[in-house]
Trainee: 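Once you've had a glance at the structure underneath, I'll fire off some questions.
All of these numbers come straight from a predicted model, not from anything done at the bench.
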Amino acid sequence: MGRLARSELEATLVGRSGGATLLTPALSSQSWEEREKRYWMVVMTHNIFADLRDAVLAALREAVPDLPDDVAARVDVTPSRDPAHGFAATNAAMVAAKAARSKPADLAQKLLPTLRAHEWIESVEAAGPGFVNISVKEAVIRAQLPTVLLAGEAYGDSTIGGAVPTNVEYVSANPTGPMHVGHCRGAVVGDALANLLAKVGFAVTKEYLINDAGNQVVALAWAAYFRYLQALGTAMTEEEFSEAVPGGLQYRGDYLVPVGDALARDHGSSLAGDRLTIAAPETWLDLVRTVAVNMMMVSIREDLALLGVTQDVFSSERALAETGATDKVIGTLRDKGLIYEGVLEPPKGKTPEDWEPREQTLFRATQFGDDVDRPLRKSDGSATYFANDISYHADKMRRGAKNMIDVWGADHGGYVSRMQSAARALGGNLEVVLCQIVHVLKDGQPVRMSKRAGTYITLRDLIEEVGRDAVRFTMLMRKSDAQMEFDIAAAVAQTRENPVFYVQYAHARCRSVLRKAADQFGDEKISATALAGGDLASLQDAAELGLIRRLSTWPRTVEAAALAREPHRIAFFLYDLAGDFNMLWNRGNEDAALRFIQADRPAESLARVALVAATAVVIRSGLGVMGVTPVEEMR
């Protein structure tokens with residue numbers, strides 16, 4: 001490995017350290033190798049791939065002085081899939097060849113001399129049609145460990161979000177019954193995505209929209225009213241009541257029994273008709289609806305808390321509508337010239353529910369990317385659901401959201417383009433993450449329905465069966481827009497095929513090693529600062545360096561997952577990291593010389609303990625994003 005100039009190294013340590021404890025004892029008492037290691041620790045950021053990208057861009061601008069900014073933005077440095085090809089690779093020559101008026105392979109050759117001179121780089125080579133493979137010095141790889149240890153779980157934090165106010169709305173289930181498995185996936189994806197965005201520097205607000213203004217909550221009120229009459233002892237049967245309800249009795253689960261009991265306790269028979277039959281709806285409907293929605297929201301919040309989901313804002317659709325917000329936003333769009341009175345053309349294929357062959361108040365959605373213009377008023381003059389949704393998103397913008405991200409079920413996929421067109425018309429930015437349906441199985445067979453809900457498997461059922469952490473981790477093991485099967489037996493199996501067990505097992509093993517190290521060497525010697533300042537030169541085995549390489553990709557993984565709005569990437573990363581660590585553990589079981597702690601080799605042992613501690617840090621950081629609690633030991 002090439003050495004740094006002594007004057008360069010000592011100037012950097014003195015000038016950039018800011019008196020960091022890493023520089024004690026005094027420089028004069030440190031070996032040359034120790035000083036070089038501390039140099040790497042001072043000059044590196046969390047994201048080595050971002051640092052290498054800066055070096056590549058500097059080399060590229062030297063070769064192509066007039067490099068356009070949009071071309072530079074496409075330059076990437078990615079981890080090498082095969083360590084034989086180096087630490088990283090860049091596409092710089094490929095993306096800049098046209099701007100350089102050069103063949104990619106020729107431009108790649110021009111980059112090599114500048115990159116070879118970089119202080120971190122051991123070697124570079126052009127490969128294929130114009131890629132450049134980069135090998136970094138082993139000291140640079142090992143210096144990732146102090147970076148991880150000193151940052152702790154903040155390793156991987158980023159500022160790419162720029163503190164931009166970002167509203168993530170998820171779950172927003174109709175308050176008509178218990179949370180079910182269909183809601184669960186959106187809840188986990190939305191919560192993990194919000195955590196991920198916060199980790200990379202966005203100012204995140206987690207939001208839930210209470211859909212308490214539509215026909216469904218009217219149907220809920222009727223169902224709760226039946227439970228109220230039952231609590232009073234009505235002679236009406238369920239079918240007799242259903243025949244009297246507009247549209248029939250829609251919600252029949254036992255979960256509404258407590259609502260009926262509460263109404264009976266608080267209001268006696270004052271809401272009932274003669275002989276405990278149905279009174280005129282105008283005498284009880286608003287009150288019963290309010291009580292039922294409030295009690296359902298208490299239940300929903302409890303279910304979400306069981307899942308580890310706590311949202312910052314709960315917005316009421318009804319309360320917003322009562323402020324006249326929908327009329328105001330329609331007025332705003334009209335002032336922009338985006339509203340007109342017209343008749344929609346008959347649609348091709350299946351006719352949408354909101355199309356009527358009559359003159360309507362229409363929004364010029366096609367100007368903003370939608371397929372057709374959209375009606376904002378129903379035939380009775382009331383606002384359409386779409387109009388209410390526009391006012392809700394306008395309210396988010398009024399409250400300061402610069403980015404809006406909605407997490408919806410895949411059955412709402414056809415609604416995306418119209419909602420995005422409305423957001424654009426108002427000067428906003430709306431993204432939608434879709435979540436496909438989840439099928440719950442046990443031993444390969446569909447799980448029976450919940451007695452409590454009556455028609456579906458509740459979220460509470462699932463959590464009680466396998467535990468919160470297994471639910472959250474498993475829900476993130478597939479991309480959100482891919483259908484998935486949740487096998488209860490698999491989620492609690494203690495095998496490598498169960499990702500949550502495998503990752504938790506790796507963390508528990510890390511903690512076991514650290515406890516043994518504390519017994520062997522004392523707490524002070526295995527503190528993060530002590531391990532970061534120790535001699536790591538003995539970490540030379542390919543598997544050890546490979547594990548460090550994996551750890552070094554964590555900040556890049558976090559940023560990429562956040563920008564792609566794909567929290568499942570975190571689960572994938574942790575599974576791979578656990579595989580690397582568990583392989584090292586198993587090798588120690590097979591060969592005593594490879595064990596993490598060896599009493600007669602304290603320096604080498606502490607270096608390996610540093611590797612173990614860094615691995616535990618990154619696992620905890622990842623589990624934190626996912627909302628999963630790391631375990632100290634497996635029981």
Side-chain angles (χ1 to χ4, degrees), residues 1 31-34 36-38 40-41 79-80 82-87 122 135-149 494-496 501-554 574-619 632-634:
M1 184 190 311
S31 69
W32 178 247
E33 290 77 8
E34 182 70 8
E36 184 175 34
K37 183 196 74 172
R38 295 180 189 279
W40 300 120
M41 293 163 63
S80 295
D82 184 349
H85 297 156
F87 181 82
E122 185 73 46
S135 296
V136 300
K137 298 174 181 179
E138 284 189 4
V140 174
I141 296 174
R142 285 191 287 268
Q144 296 299 299
L145 292 185
T147 302
V148 176
L149 292 167
Q494 296 188 357
T495 66
R496 176 171 183 162
F501 169 79
Y502 195 59
V503 172
Q504 292 280 35
Y505 197 28
H507 184 265
R509 282 175 160 177
C510 289
R511 297 301 300 163
S512 173
V513 171
L514 293 172
R515 287 191 295 271
K516 291 177 182 177
D519 291 341
Q520 181 75 35
F521 303 110
D523 291 336
E524 185 176 342
K525 285 191 176 180
I526 67 161
S527 69
T529 301
L531 292 174
D535 183 0
L536 304 176
S538 62
L539 296 175
Q540 297 183 359
D541 183 84
E544 293 170 338
L545 294 174
L547 179 54
I548 301 173
R549 287 190 184 95
R550 179 81 68 188
L551 296 174
S552 74
T553 65
W554 172 237
L574 291 180
Y575 187 75
D576 290 340
L577 175 59
D580 290 347
F581 178 79
N582 286 328
M583 180 184 68
L584 262 183
W585 175 284
N586 293 334
R587 287 182 60 191
N589 287 338
E590 296 164 2
D591 184 350
L594 297 175
R595 289 177 183 168
F596 295 119
I597 299 175
Q598 299 176 44
D600 59 339
R601 303 176 69 184
E604 291 86 343
S605 295
L606 287 171
R608 286 175 174 160
V609 169
L611 177 56
V612 172
T615 301
V617 163
V618 174
I619 292 176
E632 290 293 304
E633 55 186 335
M634 302 302 289

Trainee: What are the two closest non-hydrogen atoms of Leu149 and Ala532, and how far apart are they?
Mentor: CD1-N, 3.9 Å
Trainee: Gly579 and Arg496: which non-hydrogen atoms are nearest, and at how many Å?
Mentor: CA-NH2, 4.5 Å
Trainee: Does any non-hydrogen side-chain atom of Glu138 lie less than 4.5 Å from one of Phe87?
Mentor: no
Trainee: So, taking the atom named CD1 in Ile619 and the one named NE2 in His507, what distance separates them when rounded to the nearest 0.5 Å?
Mentor: 6.5 Å
Trainee: What distance do Thr615 atom OG1 and Asn582 atom CG have between them, rounded to the nearest 0.5 Å?
Mentor: 10.0 Å
Trainee: Apply side-chain contact (heavy atoms from CB on, under 4.5 Å) to the pair Leu551 and Leu611, showing each step before the final yes or no.
Mentor: CA-CA 10 Å; Leu551 296 174; Leu611 177 56; 4.2 Å; yes
Trainee: Can you check whether Phe521 and Phe596 have ring centres sitting under 6.0 Å from each other?
Mentor: no
Trainee: For Leu531 and Leu606, work out which heavy atoms get closest and say how close.
Mentor: CD2-O, 3.6 Å
Trainee: Between Leu514 and Arg511, is there a side-chain heavy-atom distance shorter than 4.5 Å?
Mentor: yes
Trainee: Do Val612 and Phe581 have side-chain heavy atoms sitting under 4.5 Å apart?
Mentor: yes
Trainee: Looking at Ser135 and Glu122, would you say the former's side chain and the latter's main chain have a donor-acceptor pair under 3.5 Å?
Mentor: no
Trainee: Any idea how Tyr505 and Phe501 line up, ring-wise: parallel (<30°), tilted (30 to 60°), or perpendicular (>60°)?
Mentor: parallel
Trainee: Side chains of Arg608 and Leu594, heavy atoms from C-beta outward: is any pair under 4.5 Å?
Mentor: yes
Trainee: So, does Asp591 use its side chain to make a donor-acceptor pair with the main chain of Arg587 at under 3.5 Å?
Mentor: no
Trainee: On a heavy-atom basis, which atom in Arg601 and which in Ala593 lie closest, and how many Å separate them?
Mentor: NH1-O, 4.3 Å
Trainee: To the nearest 0.5 Å, how far apart are CG in Leu577 and OH in Tyr502?
Mentor: 10.0 Å
Trainee: Which pair of non-hydrogen atoms, one from Leu145 and one from Ala614, has the smallest distance, and what is that distance?
Mentor: CD2-CB, 3.6 Å
Trainee: Identify the heavy atoms of Val513 and Ile597 that sit nearest to each other, and give their distance.
Mentor: O-CD1, 3.5 Å
Trainee: Would a distance-only check, ignoring hydrogens and angles, find a side-chain to backbone donor-acceptor pair under 3.5 Å from Gln144 to Arg549?
Mentor: no
Trainee: State, yes or no, whether a side-chain contact exists between Leu536 and Pro146 at a heavy-atom distance under 4.5 Å.
Mentor: yes
Trainee: For Arg515 and Glu633: C-alpha separation, side-chain torsions, deciding distance, then whether side-chain contact (heavy atoms from CB on, under 4.5 Å) applies.
Mentor: CA-CA 11 Å; Arg515 287 191 295 271; Glu633 55 186 335; 4.0 Å; yes
Trainee: For the pair Arg142 (side chain) and Leu539 (backbone), establish whether a donor and an acceptor sit closer than 3.5 Å, ignoring hydrogens and angles.
Mentor: yes
Trainee: What's the spacing between Ser605 OG and Ile526 CD1 if we round to 0.5 Å?
Mentor: 12.5 Å
Trainee: For the backbone of Ala508 and the side chain of Ser512, can you confirm whether one donor and one acceptor N or O come within less than 3.5 Å of each other?
Mentor: no
